[in-house]
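One structure below.
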Amino acid sequence: MQRIGVFVCHCGTNIAATVDVKAVAEALSHEPGVVVSQDYQYMCSESGQELVKNAIKEHGLTGVVICSCSPRMHENTFRKAAASAGLNPYLVEIANIREQCSWIHKDIASATDKAIILGKAAVAKVHLNAPLTAGESPVVKRALVIGGGIAGIQTALDIAEAGFDVDIVEKEPTIGGKMAQIDKTFPTLDCAACILTPKMVEASQNEHITIHSFSEVSDVKGFVGNFTVTIKKKARYVDETKCTGCGLCTEKCPMKKVPNEFNMGLDNRTAVYIPFAQAVPKVATIDPNYCMMLKNGKCGVCSKVCSVGAIDYKQTDKFIEQKYGAIVVATGFNPIKLDKYDEFAYSCCPDVVTSLELERLMNAAGPNGGTLLRPSDKTHPHTIVFVQCVGSRCDDEKGKPYCSKICCMYTAKHAMLIREKYPDTEVYVFYIDVRTPGKNFDEFYRRAVEQYNVHYIKGMVGKVTPKADGKIDVQASDLLANEQLHINADMVVLAAAIEPDKTARPLATMLTTQMDTNDFFTEAHPKLRPVESATAGIFLSGACQGPKDIPETVAQASAAAAKAIGLLCKNSITCNPCVAHSDELMCNGCSACEKVCPYGAITYQDKEFRMPDRSTAIRRVASVNPAVCQGCGACTVACPSGAMDLNGFSNSQIMAEVDAICK
Amino acid sequence: MLKISASNLNALFDRIAEKQTLYIPVDREPNVSEYKKYESGMTMSKALNTVRSAKDFFFPQTENLAEFKMSGKTIEVKDIRKENEDFVVFGVRACDARSFGILDKVFLSEPVDSFYKNRRDHGTIVTMACTRPAETCFCTTFGIDPTVPGGDVSVFFDGENYFFLDNTPKGEAFVASVSDLLENGDASKLAEVQENARNIMKKLPLAGLSTDSFGGERLMEHFNSDKWAELSESCFGCGTCTFVCPTCQCYDIRDFDTGNGIKRFRCWDSCMYSDFTKMAHGNSRNSQLERFRQRFMHKLVYFPANNDGEFGCVGCGRCLSKCPISMNIVKVMKALEDK
Amino acid sequence: MQVNENFEPVIVAFCCNWCSYAGADLSGTNRLNYPANVKIIRVPCSCRVNPMFILRAFQRGADGVIICGCHPGDCHYTSGNYFTRRRITLLYSMLDFLGIERNRTRLEWVSAAEGAKFAAVMNQFVEDVKKLGPNRRLEDLRCRKQ
Amino acid sequence: MQEAMIKRAKELLADGTVNRVMGWKKGEFAYDTTPAVFETAEEIDREFVYNDFTQANQSKYLIKESRKEGKILALLKPCDTYSFNQLVKEHRIIRENVYVIGIPGGPKIDIEKIKAKGITGITNVKNEDFTLKIETIYGVETMPFYEAISVKCESCKSKKHVVYDELIGEDGDVLDSNRFDMVEKLENMTAQERYDFWRGELSRCIRCNACRNVCPACTCENCVFDNPKSGIDQKAAADSFEENMFHIIRAFHVAGRCTDCGECSRVCPQNIPLHLLNRKFIKDINCLYGEYQAGADTTSKAPLTDYRTDDCEPSVVHERGAE
């Protein structure tokens, strides 16, 4: 038999002025199960709490109803008080008779009636409350960072700094990402390599950091604090532990006609290669698509010249399994493919390039050793046209609906650098809007316009046509002057939109994290939890969450690291006990709950059951991981059989409240 | 014999309805009939029988038994029994008329079910002889003559006139109460009509069905038959057969909490349901085979064992036409009977 | 339509803990009036509201049921209210299909900052239900108050 | 057709591909066929039947059958394949344990439509060039075949088999059916008219559970209406509210999963057009969230476990024009 105590708070006159608290206490004292019903001036005060605690002990209460202010104010206060008197804190219910009653009603009679009904609903609910215990689950003190660009590197360094082991998984043969390909950075124009490569080295030398280059995440199981991740180390046909990075193999390799990805295919590399001089790890990789030995068994030069015997043509993909407490996603971005943009002649004219290609063309380690030359005839360009928003802010399906955010600034940078180094070059920039929010950004852009005389034209480029004389006709409209322009250009640079890396979506599925329609990872809250995914223990770093420049990326990387460190610091995680649970005997195994769970908290397994007719059956049933479930209840409604229910807000509890209110 | 011409039937209905509630079979859709409370102008259905049986009049699907009122922490029990009003059910067929006898054996034996008895006492059953049986009819299997339908008053139709024959004091009173509308008539054609119907009964596809292989003495043999598995394998466990059946009489008693009190009611239950016989310790029949077997064993073995050989089926054929998968007592009997 | 001035409808409001319940608290904090007919049930998320609860309320004598949740895109659990929106749209459509008055049901998005909106929504809803009169099409006669 | 099916079933039994065959068994009359499992060629020769009356959707049986030892042959009509697929998708049927032969479907005949013509004492029904020759103990009657077509076949949605291992006969196409006409008609009524219509229909419900138990989407281990813990269990519709409640909740639970096979209405002993409730949900889903056919595949996300950020608001219901 339930023994319920009701405690009605006056809240000074906040409640008592419009609600007859004595009448409420009296009315509720007649409810079934209620053994004590009292009112008091300030229930949340020390002495008010004492009153509750004493009543719990004196009457051996099995449930407590506090009629007071919003549970958002003092639910925790009263739960703690109950716990200290030996009553399970989840046997306390609050009837909100202040914010939702006394403060909004003026008529004492109707406010009192309503307060009584709210109290009755709480009594009806508390009858069905079950004692709940917050569970704990241990935390593996190791983090995984997926992606080894500047975001991943920064996150790994920060986590390592706090003393935790952290692994970086990078799909390319080297870490460094897009930043390694960039020449200079805005708005300071310092050399990207000069600030990035020391960090790469620092990562490789940090005792807490393990770099898995040329590797991919192939499976993720588990939950916050306890993920089990399978990492696929792709065969690079070179023993990483032996290779010294001397580069002799790359010099001797006879297969020299492989498009060099690092230089955006603007020059060639060998079949065995090290992407760039400062690569980390500085280890060669054999490209099996081009290596003669791997393709038809005829060559073997690299193996012969390697003095340490690192070449291993028989190497296969290896899978390693590792446990992690936290996972940080830093999968970055790529410029979109421009093959659908025939109007800009990108596919047919080598002198129409993307901005990232321009970075390589201008880079000292690039195909032209830093001298800006036209890819077609290696001559110096005198007129360069930049086209902004190619595929960004785009309504049709070719492009992306969003602003890629970085293009305005890097274009200003490019324009400025070209005007600085080649003052005889005319530079035109066609833009929709110039967007320069950020520290020193607008000043930077204005310098390009005012100091470097870059021609910024608000308008659209309609068509780019290569001409027989090697020049390029750029047909455009100047919206401000309201006229059509034809520019006789030598080069055209397209600011291609950026999009999340293609590996992100399958990864999101493995991680059970959410993505938006553009495949950017969705943060748990756009304002308040911007570096966490909605799935506990999964954090977001860099452009995988949305377009970002380097300073923002680094800031978010450190923020993600801080969140991960916060998790790894704990020995165990206390779980919210108000989570869903499945009655296995009723579960059909239909997976509806699994599909609506935003956290991936529900898994299915085949279990053996003894059926009522004494036979044994294997049934597929759902189970909820209480460490992962956040208690939203979406699954409870998706479940047709009612097998899924929610602690603290069970079907029967809510229906009891409904009944009490409608009585 | 007293008679009324077909054209005057509604005048008779109007007269009966003046004093008592009258129920007659009415078409809901062409040839789909149900009992309706008579209102002037309604036409009696020509369909052979109603979709639902006539047992509802005495044993309704749900019925309140008692009420509890809670005020604060005290409970007050209310007896809600009250005397029923008199009513007449017109047009009951022989099979359904027989079913009341079967229900009586259950509800009127000690302890007497006062709710049922109350309705029985106040109801007058006016039956209607069959002239055009359907292929699903097999009442003769259970010794029923559909041309002599029983009830308080039997009514026979010769194509022009309805003839009335009272069988009980209640029936006599009924006929007397409407005698001014009736006239003496020549019933000579009736014998021919009855003979004709009996001959049709002999030609029906199920005419040869016999109860010889059934009865209380065959309990163990039938219970242990290996035929049940095959017979029950397609059964979905719905309650259609039991709910259209005129003789199924199982019920459940439940409490409904209205928020202001409790209403204790009974409602039909079906032995085909998975929670039938569910008790505190569990369920004694956990497979559909056991539940399916129960229904037919009850009608063909247990009931006759306890009721002087009377079977718990009247051959109305409703389950034959309504079972979603066309499994029925005829198929069961044919599978189990001595070959 | 004739309006019975004395009719005081029973209104059940399901409010999600993170936005609408806080919004209701805010309208209290700001002393924004709405009728006492409205009784709030706190649920973690609007997606916790099972159609069973809504029907249950009508069975037991509610004259109107309103569900309030975070604005789409702002769900504390990221996606809960999107599921709510589909489920409740379909349920309301079905109730309408069965001839139940449309204005007895409502779904509103109220953020924690929208105390004024909460009060306005409730005022409007109570007024609409008052115009409809007592719920007769979806009540359980056994539960009717004597 | 029956011969081809028998021949192939016996072959598959003989070569060990399957150890059981799910089909239909002859009854007492021409029309009362019963779903049955056959284990031997002799049983098949003796009792197997496939005719104008073999309407029952067999998919639901395969939940149980696919969990037994060995492999079973399922002969599925186009409409049945949708239910089958949906059950595979929900992990209810173990696909590997079923060998599916797609067979031509209806239109099937509903014997009640013949009886509704006042024809009784039926001993045989023959389909001769789309005229039914009905032999009865009272003589021979005729009626046009199309007047006897069952409700579920009248608005057939598809002649296409969405899943099969092999076909007997030819595969058809998804049809442009008129299945939403009645829903639309009801939508165009006033609320009062709709209320009166449904009260008239649902008040006949005897809660026999035939609709639920036959439904291939209702496969819960324990239905909420049978489970005292659910708080809404009910054995009989003791009040008109409970009639509504049962059918609303049932329709809601199968929303987005119902393949519109029409079994619910076929089996209702009280002829309540229950399929209209399911079709209402299907129509709404199609209109509001994009065309979706449950059971058409085994991978797509069901509409109620999915969402779009720009989904319509429930106000579309409230703004549908005057009541």
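Below, chain A is the first sequence line, B the second, and so on; all start at residue 1. Keep in mind that this is a model prediction, so the values were computed, not measured.
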Among [options], who wins on heavy-atom pairs under 4.5 Å with chain B?
options	value
Ala238(D), Cys268(D), Ala237(D)	Ala238(D)
Thr136(D), Asp226(D), Asn271(D)	Asn271(D)
Ile111(D), Ile122(D), Asn209(D), Val267(D)	Ile122(D)
Val37(D), Ile137(D), Ile206(D)	Ile206(D)
Ala116(D), Ala56(D), Ala36(D)	Ala116(D)

Is [X] close to chain D through its backbone or its side chain, or both, or neither, when contacts mean heavy atoms under 4.5 Å?
X	answer
Leu320(B)	side chain
Arg318(B)	neither
Pro205(B)	side chain
Glu29(B)	side chain
Thr136(B)	both
Lys334(B)	side chain

Distance check, rounded to the nearest 0.5 Å: [X] atom [atom1] versus [Y] atom [atom2]?
X	Y	atom1	atom2	value
Glu28(D)	Leu209(B)	CD	CG	8.0 Å
Lys113(D)	Asn31(B)	NZ	CG	14.5 Å
Glu135(B)	Thr123(D)	CD	OG1	8.5 Å
Lys115(D)	Leu48(B)	NZ	CG	10.0 Å
Arg212(D)	Phe236(B)	CZ	CZ	12.5 Å

| task | Start with the C-alpha gap between Ser234(B) and Lys25(D), add the side-chain angles, then the distance that decides, and say whether side-chain hydrogen bond (donor to acceptor under 3.5 Å, both in side chains) holds. | result | CA-CA 11 Å; Ser234(B) 311; Lys25(D) 199 189 260 188; over 6 Å; no
| task | Pick one of side chain, backbone, both or neither for Glu242(D), based on which atoms fall under 4.5 Å of a heavy atom in chain B. | result | side chain
| task | Select one option (side chain, backbone, both, neither) describing which atoms of Lys117(D) are under 4.5 Å from chain B's heavy atoms. | result | backbone
Indicate the atoms forming the closest heavy-atom contact of [X] with [Y], along with that distance.
X	Y	value
Ala210(D)	Cys238(B)	CA-CB, 3.5 Å
Cys208(D)	Thr240(B)	SG-OG1, 3.4 Å
Val244(B)	Pro269(D)	CG1-CB, 4.4 Å
Asn213(D)	Gly237(B)	ND2-O, 2.9 Å

| Given the rule in the side-chain contact (heavy atoms from CB on, under 4.5 Å) test, do Tyr61(D) and Ile325(B) qualify, once you have shown the distances and angles that lead to the verdict? | CA-CA 12 Å; Tyr61(D) 292 109; Ile325(B) 53 135; 3.3 Å; yes
| More than 12 foreign heavy atoms under 6.0 Å from NZ of Lys68(D): is that the case here? | yes
| said: I'd like to know whether CD of Glu39(B) has more than 12 heavy-atom contacts from other residues, nucleotides or ligands below 6.0 angstrom. | reply: no
| field | Pair Lys235(D), Ser270(B): side-chain N/O donor-acceptor within cut-off below 3.5 Å | value | no
| query | Phe243(B) ring centre to Arg207(D) NZ or CZ under 6.0 Å, with the angle to the axis within 45°? | reply | no
| message | Shorter than 4.5 Å, heavy atoms on both sides: which option in Pro30(B), Pro133(B), Ser274(B), Cys137(B) has the most such pairs with chain D? | response | Pro133(B)
| message | For the interface with chain D, which of Val51(B), Val330(B), Asp269(B), Val32(B) has the highest count of heavy-atom pairs at distances below 4.5 Å? | response | Asp269(B)
Between [Y] and [X], is the closest basic N to carboxylate O distance under 4.0 Å?
X	Y	result
Glu112(D)	Lys322(B)	yes
Asp233(D)	Arg254(B)	yes
Glu34(B)	Arg204(D)	no

| Hey, does the side chain of Arg132(B) reach the backbone of Tyr138(D) with a donor-acceptor pair shorter than 3.5 angstrom? | no
| task | Using modelled atom types only, decide if a donor and an acceptor are shared between the side chain of Ser326(B) and the backbone of Thr34(D) within a distance under 3.5 Å. | result | no
| message | I'd like to check Phe29(D) versus Leu206(B) (side-chain heavy atoms, cut-off strictly below 4.5 Å). Are they in contact? | response | yes
